[in-house]
Q: 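One structure is given below, represented as structure tokens, and several questions about it will come after.
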There are 2 protein chains.
Amino acid sequence: MHAQAITSTAKPEVAHLTLCRGLERQAVSHVVAISSLCKRAAGETLFSEGEAADGAFEVVKGTLRLYKLLPDGRRQIVGFPAAGTLLGLAPEGAHVYSAEAVTDVTLCRYPRASFNRLVDSVPGLARRLWAVTADELRFAQDQLLLLGRKTAAEKVASFLLLLSDQQQSPTEVEVPMTRSDIGDYLGLTIETVSRTLTKLKRDKTIGLTSACRITLRDRDQLEALAAGEAATES
Amino acid sequence: MHAQAITSTAKPEVAHLTLCRGLERQAVSHVVAISSLCKRAAGETLFSEGEAADGAFEVVKGTLRLYKLLPDGRRQIVGFPAAGTLLGLAPEGAHVYSAEAVTDVTLCRYPRASFNRLVDSVPGLARRLWAVTADELRFAQDQLLLLGRKTAAEKVASFLLLLSDQQQSPTEVEVPMTRSDIGDYLGLTIETVSRTLTKLKRDKTIGLTSACRITLRDRDQLEALAAGEAATES
DNA sequence: CGACCGTTTGAGATCCTTCAATACCAGTGG
DNA sequence: CCACTGGTATTGAAGGATCTCAAACGGTCG
């Protein structure tokens, strides 16, 4: 809980970063030239909605939460970027969401000005960034379907499968975020999240080793739920 | 209701299309060269989720609805693109949502292969498309907040202001879509949409000339509602 | 006029929330 | 070692916003 914001200028091992995939040797060296490492302890803020966006980031290690707030404090989390995710890419002005560290995180930072020059000078980079952003858009639209039309159980099932995908672990997932984070991501309250998990446990669809460690015992059932195949089990 | 799908190869007056804004004279002529006009009557399908994406479109006239379905028929509308909107831009494979005409529509179509060549050959185009997609992403994230955390009244108020913006009409909006469309856009049922509109009318916040014609009588109140400023009026 | 389709309105049910209490877990200090 | 504390998670009971089901209304078209 003790805040400790470290921003080093040490060059990350940038060659295998997401931003560099598919780039030529020389282009990669340019990316390395402008990047710097940046760390945040769990709970710390990376940037806030409305602040000037002074650059882009790539998550190297750990998990962030990105969220938007309503004036009275209602919160909607729009994503939990993990290692390999680019963020803060497009905004030509202010950040459109806030970013906090869920766990201790390491990031790679690209200052706005040099990043823009890079995009102009490296052929194909704009197109790659376009593709990345288009992927995020697709993901956001899936989330629209989830928030607008799925039930609590379907939402939670979708979320567990998302974690499973992210962690490339078909049966065992780590849940670094709190129930409150999960609720604000799925448009539910913490109580509903908790109750839904308990119900899935009773049904032997999942196992709850601890609050942050979940076993996917019946992946088929979870996938049916997440897909919305109205298979209402008694 | 009688289906009538016309696809002409007549060149649209493409010079002032969204895709061309900011492009040089020669580049514009290239865009013109690959584009074709395309029309759909109200209710007709432009493409369906899962189909191969054979090109991109720009709405020239009219309104579309883009939506995703769950297996049991639950529908989430992800957007109502109107004139000036580009769509089907990014997908390297299948469409990720279905598109239908809400009103009679005119579109400009860019076939995939030539469009891709264009993106590679026109400097700055990829970057522009990236910016367009980033804008859509931002919009989708606002919609996440709406679906996940706003009340029915806040959702409807946001929707009316969106229409007002789209139509650049501060007090009078045309509602071309049905209550069912609105409900599936806001994550509500048609009954709740209708009741909410009736309540806003009783409160003299809006006027309901007819089902598809709404007067914004108290824009401040609508904006306060849409922003989520928990101003619960008696 | 009468049928049709979308909208509005009403009454009751439901899912999820709210409020409140209890349980759990880790860290701290006695 | 164990009680205490603070924070998070779980569980319970009651309430409410929205949904479901059903009927009435209203505009359009033949």
Side-chain angles (χ1 to χ4, degrees), chain A residues 1-2 42-43 65 70 72-76 102-103 146-157 159-160 174-203 206-214 225 228 230 232-233, chain B residues 1-2 42-43 65 70 72-76 102-103 146-157 159 174-202 206-214 225 228 230 232-233:
Chain A
M1 192 56 82
H2 51 302
R65 64 179 154 251
L70 289 174
D72 61 357
R74 279 173 287 172
R75 184 177 69 155
Q76 178 65 44
V102 170
T103 63
L146 179 146
L147 288 173
R149 288 304 182 208
K150 288 187 183 177
T151 65
E154 290 165 351
K155 287 176 175 179
V156 170
F159 178 69
L160 292 176
E174 189 76 40
V175 187
M177 58 291 284
T178 66
R179 297 293 188 263
S180 174
D181 287 338
I182 301 174
D184 286 347
Y185 182 63
L186 300 176
L188 300 171
T189 59
I190 57 177
E191 294 95 331
T192 301
V193 171
S194 185
R195 273 186 257 268
T196 305
L197 286 171
T198 303
K199 178 165 189 318
L200 288 174
K201 181 185 182 183
R202 265 203 309 275
D203 297 347
I206 64 169
L208 273 166
T209 312
S210 80
C212 347
R213 188 132 203 102
I214 296 180
L225 263 175
T232 325
E233 75 294 345
Chain B
M1 193 56 82
H2 48 301
R65 63 178 155 251
L70 288 174
D72 61 358
R74 279 173 286 172
R75 184 177 69 156
Q76 178 65 44
V102 170
T103 63
L146 179 146
L147 288 173
R149 289 305 182 207
K150 288 187 183 176
T151 65
E154 291 166 349
K155 288 175 175 180
V156 170
F159 179 69
E174 189 76 41
V175 187
M177 59 291 285
T178 67
R179 297 294 187 263
S180 175
D181 287 338
I182 301 174
D184 286 347
Y185 181 62
L186 300 176
L188 300 170
T189 59
I190 58 177
E191 293 95 332
T192 300
V193 171
S194 183
R195 273 187 258 268
T196 305
L197 286 171
T198 303
K199 178 164 189 321
L200 288 174
K201 181 185 181 183
R202 265 203 310 274
I206 64 170
L208 274 164
T209 313
S210 81
C212 352
R213 188 133 203 101
I214 295 181
L225 263 176
T232 325
E233 74 295 345

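Every chain is numbered from 1, with letters handed out A, B, ... down the list of sequences.
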Q: Could you tell me whether B:S194 contacts a base, only the sugar-phosphate backbone, or nothing, with contacts defined as non-hydrogen atoms closer than 4.0 Å?
A: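 Counting heavy atoms under 4.0 Å across all strands, the contact made by B:S194 includes a base.
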Q: Just do the side chain to side chain contact (heavy atoms under 4.5 Å, CB included) check on B:C212 and B:M177 with the steps written out, would you?
A: CA-CA 8 Å; B:C212 352; B:M177 59 291 285; over 6 Å; no
Q: Can you tell me how far P of D:dA9 sits from CZ of A:R213, to the nearest Å?
A: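 These atoms are roughly 16 Å apart.
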Q: In Å and rounded to the nearest 0.5 Å, what is the CD1 to CG distance from A:I214 to A:L200?
A: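 Interatomic distance, A:I214 CD1 to A:L200 CG, rounded to 0.5 Å: 9.0 Å.
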Q: Let me know the distance between CD1 of A:I190 and P of C:dA23, rounded to the nearest Å.
A: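 These atoms are roughly 17 Å apart.
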Q: Name all residues meeting the side-chain contact (heavy atoms from CB on, under 4.5 Å) criterion together with B:R195; count only those two or more places apart in sequence or in a different chain, and write none if there are none.
A: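 Checked B:R195 against side-chain contact (heavy atoms from CB on, under 4.5 Å); matches are B:E191.
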Q: In this structure, how many angstroms lie between the C1' atom of D:dA9 and the CG atom of A:L208, rounded?
A: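 Whole-Å distance recorded here is 10 Å.
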Q: To the nearest Å, how far apart are A:K199 NZ and D:dT11 C1'?
A: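 Roughly 16 Å, once rounded to whole Å.
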Q: What is the distance from CZ of A:R179 to P of C:dA23, rounded to the nearest Å?
A: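 Taking atom P of C:dA23 as the reference, CZ of A:R179 is at 19 Å.
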Q: Enumerate all atom pairs, one protein N or O and one N or O from nucleotides 16-20 of chain D, separated by less than 3.5 Å.
A:
{"from": "D:dT18", "atom 1": "OP1", "to": "B:A152", "atom 2": "N", "distance (Å)": "2.8"}
{"from": "D:dC19", "atom 1": "OP2", "to": "B:T189", "atom 2": "N", "distance (Å)": "3.2"}
{"from": "D:dC19", "atom 1": "OP2", "to": "B:T189", "atom 2": "OG1", "distance (Å)": "3.2"}
{"from": "D:dC19", "atom 1": "OP2", "to": "B:T192", "atom 2": "OG1", "distance (Å)": "2.5"}
{"from": "D:dT20", "atom 1": "O4", "to": "B:R195", "atom 2": "NH2", "distance (Å)": "2.9"}

Q: Could you give the distance from CG (A:L70) to CG (B:L146), rounded to the nearest 0.5 Å?
A: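 Here the rounded value is 9.0 Å.
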Q: Tell me the interatomic distance from A:M177, atom CE, to D:dA9, atom C1', rounded to whole angstroms.
A: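 From A:M177 CE to D:dA9 C1': 16 Å.
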Q: Please step through side chain to side chain contact (heavy atoms under 4.5 Å, CB included) for the pair B:R213 and B:V175, ending with a clear verdict.
A: CA-CA 6 Å; B:R213 188 133 203 101; B:V175 187; over 6 Å; no
Q: Measure the distance from CD1 on A:I206 to P on D:dA9 and round it to the nearest whole Å.
A: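 A:I206 atom CD1 is separated from D:dA9 atom P by 14 Å.
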Q: Apply the test side chain to side chain contact (heavy atoms under 4.5 Å, CB included) to residues A:K155 and A:R149: give CA-CA distance (whole Å), side-chain angles for both, the deciding distance (0.1 Å), then the verdict.
A: CA-CA 9 Å; A:K155 287 176 175 179; A:R149 288 304 182 208; over 6 Å; no
Q: Specify the separation, in whole Å, of atom CD1 of B:I214 and atom P of C:dT7.
A: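 So the two atoms are 11 Å apart, to the nearest Å.
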